[in-house]
**Student:** 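Encoded as structure tokens, here's the structure I'll be asking about.
Lettering of chains follows the sequences in order, A, B, ..., and the numbering in each one begins at 1. Since the model is a prediction, treat every value here as computed from it, not as a measurement.
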Amino acid sequence: MLFYILKRVAAGAIVLFLITVFTYTVFFVLSPDPAYMICGKTCTPDRIADIHEKLGLDKPFWEQIWIFISGLFVGREYGEGVNAVHCTAPCLGYSFQTSQSVFEMIVQRLPVSATLAVGAAVLWLLAGIGGGLIGAVKKGTWWDRGIMVVALSGISLPNYFVALALQYILVVKLKWLPFPTAVPFADDPLQWFQAYIMPWFVLAFMYAAMYTRLVRANVIDTLGQGFIRTARAKGLDPNIVMGKHALRPALTPALTLFGMDFAALLGGALITETVFGLNGVGKLTADSITQNDQPVIMAVTLLAAALVVVANIVVDLLYSVLDPRVRVKAQ
Amino acid sequence: MSAPASELAGGTRKGALSTLDSGSAPNPVKRVVAALRSTPSVVVSFGWIIFIVVLALAAPLLEQITGISPYAYHENAIDPALGGLPLGQWGGVSAEHWFGVEPGSGRDIFMRIAYGAQVSLTIAVAATIVTTTLGVVFGMLAGFFGGVLDQLVSRLMDFLMAFPALIFMIALLSALPAGNRPLLLVIVLSIFAWPYTARVVRGQTMSLRNGEFVESARASGASPARIAFKEILPNLRGTIIVLSTLSVPQYIGTEAALSFLGVGVIPPTPSWGQMIASSVAWYAVDPMYFVIPGLFLFFTVLSFTVVGDHLQRQLDEGDAA
């Protein structure tokens with residue numbers, strides 16, 4: 001088991017390393033020279049060379065990569081001598097636009113993305129698992145059809161369109177909600193809730209639709225299997241058959257997906273945050289891309305990739321706990 | 001798209017296509033077509049798809065007939081006193097402008113929808129062809145030959161699927177020069193999407209490879225290429241059709257999302273996602289401006305998904321029979 005974990009962690013590290021190299025190549029080597037971004041149009045060659053030296057861009061490619069990666073673990077120096085700026089680990093550099101530490105920028109925005117992700121996840125798990133179960137148990141009835149139509153709409157509606165429609169109906173027409181302005185929970189719980197309820201719903205609707213379809217298909221599949229027939233034949237209470245026998249194998253695949261989706265959302269719900277003006281990691285990503293703020297783009301890409309890789313490993317380990325069949329194979 | 005990009009709506013997630021694992025027998029095309037024709041939702045969806053395709057193809061013709069260009073400003077259709085809001089009810093719907101006009105510029109929304117359909121469909125279909133080809137080639141190579149080749153292809157797929165694809169697509173598209181946007185979109189979409197097709201094809205090839213019919217073909221002296229193309233590929237036909245049908249709505253959705261975020265199709269070329277993006281500033285006073293492209297996008301993605309879903313179900317049932 002330990003060997004299995006180590007193997008997975010090593011594989012994850014390799015993927016992250018490759019992503020770092022790839023992203024760095026695209027944004028620091030192939031993109032417009034960052035030095036021009038920093039000092040603008042009135043730039044002398046001296047000044048450019050100066051910036052190159054300070055950012056370490058004059059060094060060979062692999063040395064730059066090494067400096068970047070070691071900066072993550074032990075920090076790095078920008079410049080030399082008295083003008084040197086020390087960037088403490090985990091060092092992700094400084095924004096070209098605001099000169100803020102990129103690490104701090106991300107840490108500041110993570111709570112917003114986390115709030116969004118957790119709230120939406122609660123809603124979509126409830127709706128997705130509930131909807132999928134009802135659909136599977138009442139297969140072929142109007143309940144099932146109704147749920148499947150809603151789920152189909154959920155996966156076909158672009159979330160920015162749902163966001164606009166929802167804002168138009170609830171804020172402009174019915175005036176049930178004020179225009180969303182996010183505040184910390186402690187300042188004003190009501191306003192906090194009013195700001196998050198629409199984004200939660202928009203995100204949850206889409207995911208709930210996918211989970212409903214998945215859970216329904218899995219439950220129907222499981223209910224058709226032999227061990228369920230055996231359980232029923234020996235006269236077991238139908239609720240126990242459903243709750244103890246059918247649910248567990250039917251929900252494990254949903255768990256894999258959930259880990260990945262949730263992790264991806266922690267890395268920022270780009271569209272939803274942008275549409276609702278929530279200042280999370282997703283909005284930071286969108287802004288950094290429009291401003292071509294390379295250190296920030298680099299950092300958010302890595303963060304998102306790292307979250308997915310970690311989630312993948314965690315999910316696999318959990319999976320082997322939940323599904324004994326996998327456990328045997330892993331050992 | 002991959003999990004990181006799954007924030008995008010649009011289409012079934014291909015990773016969830018686990019029901020597809022069983023190889024479909026050489027499919028009785030007639031049975032499937034008959035079953036699909038007797039399903040009302042499929043007929044309606046198919047009708048909508050044909051409508052959109054005709055609309056896209058006929059866009060230049062419609063422009064000739066009506067004399068309205070998607071780029072022409074109609075200042076007589078908007079009210080300068082109200083900041084350029086369309087004159088009349090429902091966002092300026094009239095006999096001349098069937099879906100009204102854009103606030104601010106007065107461009108005809110119907111013509112922009114028609115040309116937008118052209119852009120969306122072209123990109124989605126082109127990307128589907130590219131990803132299906134790549135997915136089948138790499139999936140079959142990995143599944144059929146196994147060994148080192150399989151390791152290489154599988155690791156490449158792992159790498160691409162762990163990538164935060166949406167972030168990267170946006171970043172890549174905003175860093176690249178404007179150039180030929182639709183072509184760039186197809187390339188960028190294809191790079192990150194082919195592993196999802198390849199993964200399914202690989203799995204099926206691996207199970208087909210050990211089938212008795214492959215063994216007998218090998219025993220009768222067939223070359224590996226012959227086995228791959230004549231024995232295995234025909235058995236993948238059903239899977240490939242389903243996967244590509246379900247890819248189209250995903251790419252339509254992704255293209256629209258990228259255009260919505262301002263890195264997709266560049267103005268003045270119309271695109272549905274881009275129309276919704278420019279409607280954001282007007283949504284409170286002119287809701288028709290976002291409702292129309294939004295509904296077109298919705299119905300189109302929905303129709304392709306419905307057709308794909310039913311195709312898949314029919315082919316699965318064919319297997320079970």
**Student:** Please look at A:S153 and chain B and tell me whether the side chain, the backbone, both or neither of the residue comes under 4.5 angstrom of a heavy atom of that chain.
**Tutor:**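 Both backbone and side chain.
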**Student:** Supply the atom-to-atom distance B:L297 CG to A:F161 CZ, rounded to the nearest 0.5 angstrom.
**Tutor:**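 Here the interatomic distance stands at 8.5 Å.
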**Student:** Between A:T301 and chain B, with a heavy-atom cut-off of 4.5 Å, which part of the residue counts as in contact: side chain, backbone, both or neither?
**Tutor:**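 Both backbone and side chain.
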**Student:** Please look at A:V162 and chain B and tell me whether the side chain, the backbone, both or neither of the residue comes under 4.5 angstrom of a heavy atom of that chain.
**Tutor:**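 Neither part, no heavy atoms under 4.5 Å.
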**Student:** Under 4.5 Å from any heavy atom of chain A, what part of B:F290 do you find: side chain, backbone, both or neither?
**Tutor:**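 It is both, since atoms from each part get that close.
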**Student:** Ignoring hydrogens, what is the shortest heavy-atom contact between B:T305 and A:S156? Give both atom names and the distance.
**Tutor:**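 Of all heavy-atom pairs spanning B:T305 and A:S156, the closest is OG1-OG, 4.2 Å.
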**Student:** Rounded to the nearest 0.5 Å, what separates atom OG in B:S41 from atom CZ in A:R145?
**Tutor:**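 Reported value, rounded in 0.5 Å steps: 9.5 Å.
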**Student:** Measure A:I19 against the heavy atoms of chain B and call it side chain, backbone, both or neither at under 4.5 Å.
**Tutor:**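 Answer is both: backbone and side chain atoms of A:I19 are under 4.5 Å from chain B.
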**Student:** Going through the checks in order, is the side chain to side chain contact (heavy atoms under 4.5 Å, CB included) test met by B:R155 and A:I14?
**Tutor:** CA-CA 10 Å; B:R155 291 297 83 78; A:I14 292 172; over 6 Å; no
**Student:** Any idea which of A:T23, A:V309, A:T274 has the most non-hydrogen atom pairs under 4.5 angstrom with chain B?
**Tutor:**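 Greatest number of close heavy-atom pairs with chain B: A:T23.
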**Student:** Apply side-chain contact (heavy atoms from CB on, under 4.5 Å) to A:I106 and list each qualifying residue two or more places apart in sequence or on a separate chain.
**Tutor:**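 Only A:L92, A:V102, A:L110, A:L284, A:A299, A:V300, A:L303 meet the side-chain contact (heavy atoms from CB on, under 4.5 Å) criterion with A:I106.
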**Student:** State, to 0.1 Å, how close A:I155 and B:V301 come at their nearest heavy-atom pair, and which atoms those are.
**Tutor:**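 Here A:I155 and B:V301 meet closest at O-CG1, 4.5 Å.
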**Student:** Just checking B:F46: does its CZ atom have more than 12 heavy atoms from other residues, nucleotides or ligands closer to it than 6.0 angstrom?
**Tutor:**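 Check fails, neighbour count at 12 or below.
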**Student:** What are the two closest non-hydrogen atoms of B:A257 and A:Y160, and how far apart are they?
**Tutor:**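 Taking every non-hydrogen atom into account, N-OH, 3.4 Å.
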**Student:** Which residues pass the ring-ring contact (aromatic ring centres under 6.0 Å, His included) test with A:F262, not counting sequence neighbours?
**Tutor:**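 Once residues adjacent in sequence are excluded, the partners of A:F262 under the ring-ring contact (aromatic ring centres under 6.0 Å, His included) criterion are A:F258.
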**Student:** Which atoms of B:L261 come close to chain A, meaning under 4.5 Å heavy atom to heavy atom: side chain ones, backbone ones, both, or neither?
**Tutor:**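 Contact with chain A involves the side chain of B:L261 alone.
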**Student:** Against chain A, label B:L295 side chain, backbone, both or neither, depending on which of its atoms sit under 4.5 Å from a heavy atom there.
**Tutor:**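 For B:L295, the contact with chain A is made by backbone and side chain together.
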